[in-house]
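What you see below is based on every heavy atom in this structure, not just the backbone, and it leaves out hydrogens, waters and symmetry mates. Residues take their numbers from the sequence shown, with the count starting at 1.
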Amino acid sequence: MKRVKLFFMNALLLAAGTVLMHFIGVAFQVYLVGKIGSAGIGLYQLMMSVYFLAVTLAVSGIKFAVTRLVALELAVDNRAGVKKAMRCCILYALIFGTGAAFLLYNSAEFISCRWLSADALPSLRLLAIGLPTVSISCVISGYFIAVRGIVKNVLIQIFEQMSKITFVVTIFTLLMPKGLKYACLAMVAGSVAAEAISCGISCLLYLLDRRKYRTSKAPPAGMPRKMLGIALPIAFSAYVRAALSMAESLLTPYGLKKSGISTESALSAYGIIRGMVMPILLFPASFLHAASDLLIPELSEFYAQGKRRSIHYTVNRALQITALFAIGMSGLLYSFAEEFSLLIYHSSETAECIRLLAPLVPFIYIDETVDGMLKGLGEQVSSMRYNIIDSFVGVVMIWFLLPKYAIKGYIVTIFVTELLNFALSAGRLVVVTQLRVDLMKLLIKPVFGIVGAVCASRVLFRLSEFPSRLNFFSLSAQIVLTLLIYGLFLTLSACITREDFRWFRNIFK
């Protein structure tokens, strides 16, 4: 139970930091939408899709390699192995980070003029300069996840987010009057500066932490080979996935324009979905992102020690928590889409898209957790293979559907690719763990529960004298009431049992 308590408290801490950062991020996104509009957000998102490919090259699977290598060395109490793994991974990150920076800087002109806009050229070149710091930060982040140093990771991430916003707003104020080109440059400059400072702090904290690994033992042989054996398969798969994702992002506005709408309208539609709707849909998943990262070292140690029962228990418990949470969030997003849109963006233009995509939320959230568990069980190549298939199908569907069906075709593409990825990943987890899934307990009952909870809370609010005017307090009260009714239904229907309550209570003893 001590191990469970440590995992759960680390997950809560990491989730709290992630929630705070996402909350700040969404608020900042609202600020940017008000300044440059959905079309400007669309251009920025397209630049970020190119940058994502460059980051993939810079990182090249090293974060997962660090987490897994350090976790495996700790499982056998090999401190010399931890230090050797970190030296190898930092050198790897420097080589790939510098190489990615060189490639992006020299190809920025072709990419911006051929696929994006001439306004994107200085921003892409500035992003290239910051890539080595990104790769080093990933190594340190993977290390702190493996050693359960979650406090340091959270503090670093919060500091980076706050620094980014401070820098961006300051530079934005100076450059925004000069046009969209300089507005994008301001956003990029703030991000690069924050990442550089964050990298420096991360390295300092690591140097202080590594002192506990002083040992007279000789480091184990073959560490570079082990690192490359983990990182390179993930890297090559990630390259393909990132290239396909970038192609999907670039083809989306192109396909929308071929359907007959203007360039500005195409960027605006893309910006609404990727820059405004998806942050809202993914915001509640902060705890799951934290748990997914922490499951990698946890399951890696169980796997190295041959603890099959611990693996089965952890997988079942993670799926139970994820499914019940995800279905509840899906119901809330669907039912209160109009209210979320009005409160966050002061407009109802995103409400329809939120409502359309809300049923996908359980599959997206569960797939996130399943992905972390597969990596912890050494199935990272399978996970990346499914991501490649998902992206390839997305590119093909966008190419054929968007010119004919416009934004409807894009919505269909999102549904098909997310469901396909979920089916492949979940199927592999079942095969690897011999898992038996109770669909009645994890899917059917919770769906009925959240539907009934939403209906009951709306009826109770209409019968009460609670203020009907929309504001943050009234919406929060209705959401809390809905979740309480949902929790009551899960308890009465045995989706949550006494054993679950005892397990949860013992965590905090």
Side-chain angles (χ1 to χ4, degrees), residues 18 22 241 244-245 248 273-274 277-293 295 315-337 340 352-375 379 382-398 401 408-433 435-451 454 486 490 495:
T18 308
H22 281 192
R241 171 77 192 278
L244 289 171
S245 295
E248 182 180 331
I273 293 178
R274 285 297 174 186
V277 172
M278 294 308 292
I280 294 176
L281 294 180
L282 299 179
F283 178 79
S286 303
F287 177 80
L288 302 180
H289 290 314
S292 178
D293 283 343
L295 281 170
V315 169
N316 274 294
R317 183 66 73 182
L319 283 179
Q320 178 193 21
I321 294 172
T322 303
L324 299 183
F325 174 80
I327 291 171
M329 292 303 103
S330 175
L332 290 178
L333 288 165
Y334 182 88
S335 303
F336 299 106
F340 286 131
E352 183 179 357
C353 284
I354 294 173
R355 197 172 285 116
L356 280 171
L357 295 174
L360 269 182
V361 163
F363 302 100
I364 296 173
Y365 288 14
I366 295 173
D367 186 56
E368 172 82 15
T369 302
V370 169
D371 189 60
M373 291 191 286
L374 286 176
K375 289 177 179 177
E379 292 289 327
S382 296
S383 179
M384 293 305 300
R385 181 168 63 244
Y386 302 147
N387 289 333
I388 291 171
I389 294 171
D390 153 28
S391 295
F392 178 76
V393 171
V395 169
V396 172
M397 292 186 68
I398 283 172
L401 292 183
K408 293 180 181 177
Y410 188 50
I411 297 293
V412 171
T413 300
I414 293 175
F415 264 89
V416 171
T417 54
E418 292 293 348
L419 291 175
L420 176 63
N421 198 321
F422 166 79
L424 292 172
S425 299
R428 183 60 184 169
L429 183 67
V430 169
V431 171
V432 170
T433 62
L435 182 69
R436 293 182 179 180
V437 180
D438 187 347
L439 291 179
M440 181 64 71
K441 184 176 180 179
L442 295 185
L443 178 63
I444 299 174
K445 287 181 180 180
V447 168
F448 279 104
I450 192 61
V451 171
V454 168
Y486 177 57
L490 294 179
C495 292

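- Taking each heavy atom of Pro362 and Ala358 in turn, the nearest pair found is CD-O, 3.9 Å.
- Tyr486 contributes a side-chain N or O that, together with a main-chain N or O of Leu324, makes up a donor-acceptor pair within less than 3.5 Å.
- Side-chain contact between Ile364 and Asn421 is absent, with no heavy atoms from C-beta onward closer than 4.5 Å.
- Within a 6.0 Å sphere centred on CD of Glu418, heavy atoms belonging to other residues, nucleotides or ligands number more than 12.
- The distance from the CD1 atom of Ile398 to the CD1 atom of Ile414 is 8.0 Å, given to the nearest 0.5 Å.
- Remark: the backbone N or O of Leu332 is not paired with any side-chain donor or acceptor of Ser335 at under 3.5 angstrom.
- Residues that satisfy the ring-ring contact (aromatic ring centres under 6.0 Å, His included) test with Phe422, not counting sequence neighbours, are Phe363.
- Residues Cys353 and Val277 come closest through the heavy atom pair CB-CG2, 3.6 Å.
- With Ser330 contributing its side chain and Ala326 its backbone, the two residues share no donor-acceptor pair below 3.5 Å.
- Within 6.0 Å of the CZ atom in Phe392, the count of heavy atoms belonging to other residues, nucleotides or ligands does not exceed 12.
- Taking 4.5 Å as the limit, some side-chain heavy atom of Leu429 sits within range of a side-chain heavy atom of Leu319.
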Evaluation steps, side-chain contact (heavy atoms from CB on, under 4.5 Å), between Leu357 and Phe415: CA-CA 8 Å; Leu357 295 174; Phe415 264 89; 4.0 Å; yes
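- In this view, Asp367 and Ser425 satisfy the side chain to side chain donor-acceptor pair (under 3.5 Å) rule, not counting sequence neighbours.
- Listed by chain and number, the residues in a ring-ring contact (aromatic ring centres under 6.0 Å, His included) with Phe336 amount to none (sequence neighbours excluded).
- When every heavy atom of Leu420 is checked against every heavy atom of Asp390, the shortest pair comes out as CD2-CA, 4.4 Å.
- Nearest heavy atom pair, residue Ile366 against residue Thr322, reads CA-CG2, 3.6 Å.
- Residues Arg355 and Ala337 share a closest heavy-atom pair of NH2-CB, 3.8 Å.
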